[in-house]
Amino acid sequence: MIRRFGTNQAAALCVALVAAAAFAATYGFDPVPEGLPGLGAVEFPRLICLVMAGMAVLLFLQESAPHDPEVAPPIRGDAIAIFAACLLAVPLMAVIGMLGTIAVFLVVVGRLWGEVRWPMLLAVSLSMTAIIWLVFVKIFRLTLPTGMVFGG
Amino acid sequence: MEAFLGGLAILVDPYVMLMVLLGTVLGIFVGALPGISGSTTIALMLPMTIAMGPVPAICFLGAIYCAANFGGSITAIMVNAPGDPSASATALEGFKMAEKGQAGLALGMSAISSAIGGIVSVVVLIFAAPLLARAAYSFGPPEYFALALFGLSMCAAVGGDSALKNLIAAALGLLIATVGMDLTTGVERYAFGVMELSDGIGFVPVLIGLFAVGEMLDQATRRLGKPAIIALDAARVPGWAEMRKCWRSIWLGSGIGTFIGALPALGATTAALIGYNETRRWSKHKHEFGHGSIEGVAGPEAANNAAVGGSMVPTLALGIPGSATTAIILAGLIVQGVRPGPHLFNEQPTLLYAVFASMLAANIFYLVMGLTMAKFFARISLIPPAFLWPSVFALSLIGAYGPNQSMGDVWVMMVAGFVGLLFRRAGFSPAPLIMGLVLGGMVEETLKQSLIIFGDDLTGFLARPIAMTLIVVTLAGLLWPVLARLVRMRRAAA
């Protein structure tokens, strides 16, 4: 019997939830055309969901190790700000393009990460953006999103 | 023989050799950076290789794989921070040697034993892979299904907190592999009307998200300070007496590493840890272990580099990844339109021998670089994280977007990145998920084909001795720890 609700129990509940949702979603698949031999489209995903659910039960019953700050350090405000910057970077690409986003991201996140020397931040940001432009746009001929501002 | 010579001919192709050299430098560079492993780098570089063509691309990725393991030992020895997980065993004795003022000797021994381990395993690869491929010619869908299942079961031993968590991650990978159009029935699964999901979830954005972005987000919660570097004049080539003392550890590590690497899913980290333990067990100088034993550097370093060649054996001969990193290389081959397996040895033998030759070249390159430029590579670990990790994210954005030029892939990468963060915090390893994702298609396809062959009767597997043996070994491997625990509990209660 488990003595306390810990990481294993939380993870097990998440896994069970994913398995249940994925299992339920199989009922929304289109029907398989008649006359096809062998397994259909739903059996294999359902089998995996059942296996996952079974393993989630076993994980729930496993005692969780005491909280180890080495494995999961507390998430401070600046880490949350970095997560948010990562998430915001994707929609920002639609506005100022990928290269513009990368340049801004390197300065903002570098600062959040604890670098206080603005000239250094700007120099790294500009040189990294220039290298990316040279390698990917000029050498590999990749078309990067330009955004509304630079794309017109 | 013609194919073998054709493969060796790439050693005089300046473009391929440049790629091998670049891969080696990059491999040592990232290997020396704590937090960025060879697998992360290969995932990041995958989109870049699309424009290269199969031979240079695979040679480039193979060189990174070979060199990253060695690069990891530099920071393990100099700052007690293994640049690559496979170098964690090296840090145990290497850093102690550095504290005693023998950093140069430790680095020299690391370079030499790594190169010997790597070369031995490539030689084994040259002979073993075609033999395994020939044996696999008689394999049908039931055998491949059993083999893929065996590979997945081996995920139980890959990193993470527990075998159960690894198996859950592998199952999640299998589930993700079912997203998109089912090729046998034409039915869309888990696409929810989103066009980008109809073709399935691409390997590249998931790999980059789980490894690179996940690691970056995890590092954001840690924000470790700068490591202190130990003074070093230069790497020193070990003398005759030191080589004589270590030869047994090097051969033992090479053998263990090649064998462990050849087992599906198990890679360099497991090989290095077992290599370290066995080196200590068979050493005549056990008392030196824990105080800076040179044998304790030679054994695991030979083992983790030998695992590289070993893990390429099942990857190339059977299409079953020998490790998390080869799972990514396998994805790279698939992106290039090359499907590894026994037929590859008949259809594209030159490509295979080119891979073998380039791996040999990479081992020699990093030996030379390790001995001459270790001091420079050790300084890499001093790059401030405030510049390093945002740059990794910038490269991840390009890497995820590049192959299909799709913003959908960038979002997939972001989701995979946060899943990677949660995985790390909950003690799950992302490697089994990748194994599940890569093997997912094969598992489902071969199961369906087997059932058609057997007329929907699962007992048909009983008539296939190879498949049955593999299934029994898989079940025994999964159930053995549970049974052993029950027996122990019963004995304790009695």
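Treat the numbers as computed from the prediction; the structure is a model and nothing was measured. Naming: A, B, ... by sequence-line order, numbering from 1 per chain.
Between the side chain of B:Tyr190 and the backbone N or O of A:Ala22, at least one donor-acceptor pair lies under 3.5 Å. Proximity of a side-chain donor or acceptor of B:Arg189 to a complementary backbone N or O of A:Ala41 within less than 3.5 Å is detected.
Chosen from B:Leu174, B:Thr178, B:Leu422, B:Ile398, the residue pairing most often with chain A at heavy-atom distances under 4.5 Å is B:Ile398. Highest contact tally toward chain B, considering only A:Asp30, A:Val90, A:Ile80, A:Val51, is held by A:Val90 [criterion: heavy-atom pairs under 4.5 Å]. Chain A forms more heavy-atom pairs under 4.5 Å with one residue of B:Leu175, B:Thr184, B:Leu397 than with any other, namely B:Leu175. Contact count versus chain A (heavy atoms, under 4.5 Å) is highest, among B:Asp182, B:Val187, B:Leu167, B:Leu451, for B:Val187. Contact count versus chain B (heavy atoms, under 4.5 Å) is highest, among A:Val18, A:Val42, A:Thr143, A:Val108, for A:Thr143. Contact count against chain A (heavy-atom pairs under 4.5 Å) is highest for B:Leu164 among B:Val213, B:Leu164, B:Asp456.
Taking both residues in full, the closest heavy atoms of B:Phe428 and A:Ala11 are given as CE1-CB, 3.7 Å, listed atom of the first, atom of the second, then distance. The shortest heavy-atom contact between A:Met52 and B:Leu172 is CE-CD1, 3.8 Å. Of all heavy-atom pairs between A:Ala79 and B:Ala220, the closest is CB-O, 3.6 Å. For the pair A:Gly110 and B:Pro390, the tightest heavy-atom approach, listed with the atom from each and the gap, is N-CG, 4.1 Å. Closest approach of B:Glu188 and A:Phe29 over heavy atoms only: O-CD2, 3.9 Å. Between B:Ala171 and A:Met55, the closest heavy-atom pair is CB-CE, 3.8 Å.
Summarising the geometry, atom NZ belonging to B:Lys165 is positioned 6.5 Å from atom OG1 belonging to A:Thr7; distances are rounded to the nearest 0.5 Å.
Looking only at side-chain heavy atoms (C-beta outward), A:Leu106 and B:Phe393 stay at 4.5 Å or farther from each other. Looking at heavy atoms from C-beta onward, B:Met216 lies in side-chain contact with A:Val109 at the 4.5 angstrom threshold. Between B:Thr221 and A:Arg76 there is no side-chain heavy-atom pair separated by less than 4.5 Å. Taking 4.5 Å as the limit, some side-chain heavy atom of A:Met98 sits within range of a side-chain heavy atom of B:Tyr401. Looking at B:Val410 and A:Met93, their side chains come closer than 4.5 Å, going by heavy atoms from C-beta outward.
Only the side chain of A:Ala89 has a heavy atom closer than 4.5 Å to any heavy atom of chain B. Using a 4.5 Å cut-off between heavy atoms, A:Pro145 touches chain B through backbone and side chain atoms alike. For A:Ile102, the part lying under 4.5 angstrom from a heavy atom of chain B is the side chain only. Heavy atoms of B:Phe454 lying under 4.5 Å from chain A are absent altogether.
Listed by first then second residue, pairs satisfying side chain to side chain donor-acceptor pair (under 3.5 Å) with a partner in residues 44-55 of chain A read A:Thr26-A:Arg46, not counting sequence neighbours.
Ring planes of B:Trp389 and A:Trp113: parallel class, angle under 30° (limits at 30 and 60°).
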Output side-chain donor-acceptor pairs under 3.5 Å for residues 120-137 of chain A, partner residues at least two apart or in another chain, one line each.
unit_1   : atom_1 : unit_2   : atom_2 : d
A:Ser125 : OG     : A:Ala103 : O      : 2.8
A:Ser127 : OG     : A:Ala123 : O      : 2.7
A:Ser127 : OG     : A:Val124 : O      : 3.2
A:Thr129 : OG1    : A:Ser125 : O      : 2.6

